Amino acid sequence: MLRPILIRASRSRWLADQFRRRRFAKRAVRRFMPGESLEEALDAGASSAAIGTEPVFTRLGEQIGDISEARDVVSHYLSALDAMQRKGVRGQLSVKLTQLGLLQDQTTCLDNVRALATRGAEVGTMVWIDIEESDYVDRTLEVFRGARESHDNVGLCLQSYLYRTPADLDLLLPLHPAIRLVKGAYRESPTVAYPRKEDVDRAYFELGQALLRASREGRALPVFGTHDLGMIERLRAYASSIGTASEAYEVHMLYGIRTAEQRALVRSGARVRVLISYGEHWFPWYMRRLAERPANLWFVAKSMIR
Ligand SMILES: Cc1cc2nc3c(=O)[nH]c(=O)nc-3n(C[C@H](O)[C@H](O)[C@H](O)COP(=O)(O)OP(=O)(O)OC[C@H]3O[C@@H](n4cnc5c(N)ncnc54)[C@H](O)[C@@H]3O)c2cc1C
């Protein structure tokens with residue numbers, strides 16, 4: 001009931017404006033991000049790496065209004081890669097294509113991804129492409145394919161809630177891709193996405209199995225972007241039953257969620273990374289985190305009281 005309301009709210013500019021001005025909101029959002037600045041994200045990334053969970057950094061922002069903003073985003077990420085190298089923070093990047101100009105000019109967007117991947121390759125890191133609303137999936141796949149023609153160090157996120165994803169994965173596997181599988185965080189119509197969580201979970205497991213089989217043959221790098229510990233255990237058991245080594249796949253979780261479990265996974269031999277978000281434009285992203293677990297609204301209420 002709350003989930004659709006929160007996801008719809010995530011697109012309200014008025015609410016975003018109101019929220020960003022409130023101190024309680026800034027306090028509440030700190031649960032999921034170390035701060036708005038790159039420096040705060042890098043410090044959190046260094047601490048995370050020290051306990052065995054290397055960071056993936058993402059600067060929040062999506063659906064820019066003008067292509068010139070994409071240039072600023074690219075320059076920011078290039079300087080972030082420099083800062084990571086200078087500070088000795090090993091980490092990857094994760095980017096949203098609607099922040100890199102996808103909705104204004106797809107060719108420029110591809111050039112932007114390539115510019116980041118080129119610098120990423122120089123410093124020995126990956127650039128992940130997030131996946132957004134279903135309307136953008138075709139264009140996102142086209143940009144990913146274009147980027148993969150010139151760069152191996154680009155990975156793509158896919159969502160198990162979309163009916164189309166198994167077919168998309170089949171078409172992508174010949175590229176030997178790095179795929180971060182997630183359940184999906186946006187509001188989608190039942191004409192394109194499973195409305196029931198059990199179907200989303202079932203699809204996730206099936207897609208995860210397909211990725212692990214491909215990984216065993218060296219045809220994919222599967223990344224499980226989920227906090228669903230039961231799912232992770234089932235997929236790990238499946239991996240060992242078919243002889244896929246634990247180094248052949250990874251688990252990625254979000255900063256601030258299930259931190260103790262992230263460490264336990266590392267201790268048990270899993271490769272785990274933590275996605276650290278930062279930046280000023282956190283409102284839509286934060287609403288999606290609340291929607292994933294409406295109990296998180298308690299933290300907002302507690303921050304208001306404090
Ligand atoms: C690394 C990473 C990258 C992602 N990238 C994308 C992307 O590019 N596109 C996209 O659509 N989605 C993305 N997502 C979000 C994803 O689609 C889901 O919305 C989100 O991960 C919640 O689903 P779940 O897999 O954790 O499983 P669920 O079954 O929803 O949750 C499993 C358990 O995890 C805990 N949990 C889940 N979410 C939260 C939360 N917000 N706060 C506290 N506890 C929580 C709960 O206890 C829950 O019972 C990403 C997620 C991760 C971890």
Side-chain angles (χ1 to χ4, degrees), residues 2-4 6-7 10 28-33 48 53-58 60-63 91-100 102 126-137 140-141 143-144 155-162 165 168 178-188 192-194 196-205 207-208 222-235 249-262 265 271-277 282 284-300:
L2 269 173
R3 187 172 186 271
L6 289 164
I7 295 186
S10 74
V29 80
R30 292 290 284 226
R31 180 170 141 72
F32 295 120
M33 59 188 268
S48 187
T53 51
E54 279 189 7
V56 181
F57 296 105
T58 191
L60 296 170
E62 50 202 85
Q63 300 192 4
Q92 303 179 336
L93 295 184
S94 199
V95 297
K96 285 200 173 15
L97 293 190
T98 65
Q99 198 189 19
L100 290 176
L102 184 75
M126 289 273 299
V127 176
W128 289 95
I129 295 178
D130 288 3
I131 198 123
E132 303 173 64
E133 279 100 334
S134 58
D135 284 351
Y136 314 139
V137 171
T140 302
L141 297 187
V143 171
F144 173 67
L156 175 72
C157 185
L158 290 179
Q159 298 151 323
S160 73
Y161 65 11
L162 293 185
T165 299
D168 287 337
I179 298 289
R180 183 178 75 210
L181 183 63
V182 300
K183 293 186 185 175
Y186 296 86
R187 189 167 138 244
E188 297 291 356
V192 296
Y194 293 111
R196 293 188 324 165
K197 186 173 179 339
E198 62 205 77
D199 293 323
V200 179
D201 288 353
R202 183 189 37 75
Y204 193 101
F205 187 57
L207 288 159
V223 167
F224 302 115
T226 182
H227 312 100
D228 184 339
L229 299 172
M231 179 70 73
I232 293 169
E233 275 323 301
R234 283 170 71 202
L235 286 167
Y249 59 91
E250 298 182 2
V251 175
H252 291 190
M253 292 196 192
L254 302 182
Y255 173 90
I257 301 180
R258 305 216 137 158
T259 310
E261 287 83 354
Q262 291 170 17
L265 277 168
R271 299 177 73 164
V272 182
R273 290 181 195 270
V274 176
L275 182 60
I276 298 181
S277 301
W282 42 258
W285 163 87
Y286 183 54
M287 286 295 113
R288 290 197 292 272
R289 301 296 75 84
L290 296 182
E292 282 157 5
R293 190 166 177 262
N296 288 337
L297 283 166
W298 270 113
F299 294 99
V300 183

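None of these values were measured; they are calculated from a predicted model. Order of listing sets the numbers, starting from 1, for every ligand and every atom in it.
In terms of polar-atom proximity, Lys197 is counted as a contact of ligand 1, with an N or O under 3.5 Å from an N or O of the ligand. Ligand 1 has no nitrogen or oxygen under 3.5 angstrom from a nitrogen or oxygen of Val182. Backbone and side-chain nitrogen or oxygen atoms of Arg180 are examined, and one is located within less than 3.5 angstrom of a nitrogen or oxygen of ligand 1. For a threshold of 3.5 Å applied to N or O pairs, the pair formed by Ile131 and ligand 1 contains at least one separation below that value. Residue contacts with ligand 1: Gly184 is placed with a nitrogen or oxygen under 3.5 Å of a nitrogen or oxygen of the ligand (distance criterion only). Considering backbone and side-chain atoms together, Tyr161 places no N or O closer than 3.5 Å to any N or O of ligand 1. Where the criterion is an N or O separation shorter than 3.5 Å, residue side chain and backbone included, Gln159 meets it with respect to ligand 1. On a distance-only criterion, Asp201 and ligand 1 share no N/O pair closer than 3.5 Å.
Between Leu156 and Thr140 there is a side-chain heavy-atom pair separated by less than 4.5 Å. Looking at Leu275 and His252, their side chains never come closer than 4.5 Å, going by heavy atoms from C-beta outward. Looking at heavy atoms from C-beta onward, Arg180 lies in side-chain contact with Asp130 at the 4.5 angstrom threshold. Side-chain atoms of Met33 and Arg289, non-hydrogen and from C-beta on, never get closer than 4.5 Å to each other.
What sits closest to atom 44 (N) of ligand 1 on the protein, heavy atoms only, is Arg293 CD, 3.1 Å. The protein heavy atom nearest to atom 42 (N) of ligand 1 is Asn296 ND2, 2.9 Å. The protein heavy-atom contact nearest to atom 2 (C) of ligand 1 is Leu254 CD2, 3.7 Å. Ranking the protein heavy atoms by distance from atom 40 (C) of ligand 1 puts Ile257 CD1, 3.4 Å first. Looking from atom 1 (C) of ligand 1 to the surrounding protein, the closest heavy atom is His252 CB, 3.6 Å. Taking atom 28 (P) of ligand 1 as the reference point, the nearest protein heavy-atom neighbour is Lys183 NZ, 3.6 Å. From the protein, the heavy atom lying nearest to atom 37 (C) of ligand 1 is His227 ND1, 3.7 Å. At the top of the distance list for atom 19 (O) of ligand 1, counting protein heavy atoms only, stands Glu292 OE2, 2.6 Å.
In terms of modelled atom types and a separation under 3.5 Å, the side chain of Glu132 and the main chain of Thr98 share a donor-acceptor contact. Panel note: side chain Tyr204, backbone Leu181; a donor-acceptor pair is recorded below 3.5 Å. Of the possible polar contacts, none joining the Glu188 side chain to the Tyr194 backbone as a donor-acceptor pair under 3.5 Å is found. Remark: side-chain polar atoms of Glu292 are not paired, donor with acceptor, to backbone N or O of Ala185 under 3.5 angstrom. Without hydrogens or angle criteria, Thr58 side chain to Ser94 main chain gives a donor-acceptor distance under 3.5 Å. Checked by atom type and distance alone, the side chain of His227 pairs as donor or acceptor with a backbone atom of Leu254 at under 3.5 Å. Between the side chain of Ser160 and the main chain of Val200, a donor-acceptor pair closer than 3.5 Å is present. Remark: side-chain polar atoms of Tyr249 are not paired, donor with acceptor, to backbone N or O of Gly208 under 3.5 angstrom.
For atom 24 (P) of ligand 1, a protein heavy-atom neighbour is found at a distance under 4.0 Å. Protein non-hydrogen atoms do not reach within 4.0 Å of atom 48 (C) of ligand 1.
The proximity of Cys157 to ligand 1, defined as any non-hydrogen pair under 4.0 Å, is limited to the side chain. Under 4.0 Å from ligand 1, not a single heavy atom of Glu132 appears. Only side-chain heavy atoms of Leu275 come within less than 4.0 Å of ligand 1; its backbone N, CA, C and O stay farther off. Contact annotation for Arg258 and ligand 1: only side-chain heavy atoms (C-beta onward) come within less than 4.0 Å of the ligand. Only side-chain heavy atoms of Tyr186 come within less than 4.0 Å of ligand 1; its backbone N, CA, C and O stay farther off.
The one candidate from Val182, Leu207, Thr165 that meets the side chain to side chain contact (heavy atoms under 4.5 Å, CB included) condition with Leu158 is Thr165.
Side-chain contact annotation: Gln262 with Thr53, donor-acceptor N/O pair under 3.5 Å absent.
Using a 4.0 angstrom heavy-atom cutoff, Lys96 does not count as in contact with ligand 1.
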